[in-house]
Amino acid sequence: MIVGGAQIGGIQKAEPRATVVARMMALMEQAHRQGVQFLVYPEMTLTTFFPRFYVEDRAEFDHWFETEMPNAATQPLFDLARRLGMGFTFGYCELTPEGQHFNTSIIVSPGGEILSTYRKTHLPGHADHDPARTHQHLEKRYFLAGDTGFNVVRNQGVIMGMAICNDRRWPETWRSLGLQGVELVTIGYNTPSQNNLSAEEGIERRVYHHELSVCAGAYQNSTYAVAVAKCGLEDGNHMFAGSIIVDPDGFVIARATGEGDELILAECDFDKCAFGKSTVFNFAAHRRIEHYGRITNQTGVRIEV
Ligand code: CDV
């Protein structure tokens, strides 16, 4: 299967959904011309990354959320995908009928059916305006932690699972999917180039840590991974690009070169996942779950010596 990543450049606050969907469709048409059969878009593909902004009354930001999917704005994308026979995944902000807000992604079959919904588990940042920070990251204010857990689905003959942005930095994400035999992990991200967490942490380090996380996760679970950015300048804020496709050996096999809308693609031979899964990472043969209790019983570090 040829798998594509549709990197999306900055989306400004004033940009309507219809313009963004037109950009997504242009990349899908290009992907189809180049033989892509499954296409991955970023986290929060439809809107600016609004958690960088603080509002006292969070309901003021409900207009960034989708109450149904597909909806009038995204239906043309679903229609195009069905016409082209293209499977795809993208992220958006979900407002449920019960009033819950999630950072969500979906996998859609080439027939246009939503096969799987994932709600972001690891929400970075903080819930209240932090005057000490030059850059706010308010995901904990605007979203609930996801309630879906990490699930896989078989789409186009491949076992696929989703993660969203910060999830890629947590080995628990990868192993939860790995234990279900995942062969393709899709990850959309919006990663600010500056987040004032550390003075030394320039863009090169941030890109390195992103790649390190995706390559390690892919290798340690013997799976392909596609990590796709929303990037460039958004409302004056820079987010790094660096979209990549990684093979089950942990090597980058495709990489974006720019910071705007850009297609990357790679031929993925999913039979290659079997080698790692049956040797070094044969979980049934080698995992020692009697020693892993802390991973699910304990959150923070506890020093007892
Ligand atoms: N959207 C994200 O989850 N971004 C985080 C940033 C805040 C570090 C990330 O892990 O890339």
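Start at 1 and go down the list; that is how both ligands and their atoms are numbered.
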Check each atom of ligand 1 against the heavy atoms of T191 and keep those under 4.0 Å away; list them by number with element. 9 (C), 11 (O)

Close-contact set for ligand 1 against K120 heavy atoms, below 4.0 Å: 1 (N), 2 (C), 3 (O)

dist I8:CD1 -> D261:CG (nearest 0.5 Å) comes out at 4.5 Å

Which pairs pass side-chain hydrogen bond (donor to acceptor under 3.5 Å, both in side chains) with one or both residues in residues 33-48, sequence neighbours excluded? E43-N103, E43-K120, E43-N190, T48-R52, T48-E234, T48-D235

S193: which of L233, I203, V207 passes side chain to side chain contact (heavy atoms under 4.5 Å, CB included): I203

Is H122 in contact with ligand 1, taking contact as a heavy-atom separation below 4.0 Å? no

Check for me whether R58 meets the cation-pi criterion with Y142, that is, NZ or CZ under 6.0 Å from the six-membered ring centre and within 45 degrees of the ring axis. no

A student checking ligand 1 against C165 at a 4.0 Å heavy-atom cut-off should list atoms 1 (N), 2 (C), 3 (O), 4 (N), 5 (C), 9 (C), 11 (O)

Please verify whether a non-hydrogen atom of P124 lies at under 4.0 Å from ligand 1. yes

The single option from H129, H135, H137 passing ring-ring contact (aromatic ring centres under 6.0 Å, His included) against Y54: H129

Consider ligand 1: state whether an atom of it lies below 4.0 angstrom from any non-hydrogen atom of R168. yes

For atom CZ of F50, is the number of surrounding heavy atoms from other residues, nucleotides or ligands below 6.0 Å larger than 12? yes

With heavy-atom distances below 4.0 Å as the criterion, list the atoms of ligand 1 near N190. 1 (N), 2 (C), 4 (N)

Considering only heavy atoms from C-beta outward, does the side chain of M162 approach that of I107 to under 4.5 Å? yes

Cluster partners of Y208, using ILVMFWY side-chain heavy atoms under 4.5 angstrom, listed by chain and number? L212

Atoms of ligand 1 under 4.0 Å from any heavy atom of F49, numbered from 1 in the order shown, are 1 (N)

What part of M239, side chain from CB on, backbone N/CA/C/O, both or neither, has a heavy atom under 4.0 Å from ligand 1? neither

Going by distance only, is there an N or O of E139 that falls short of 3.5 Å from an N or O of ligand 1? yes

Closer than 4.0 Å to some heavy atom of E43 - which atoms of ligand 1 meet that? 1 (N)

Heavy atom of H210, distance to ligand 1 below 4.0 Å: no

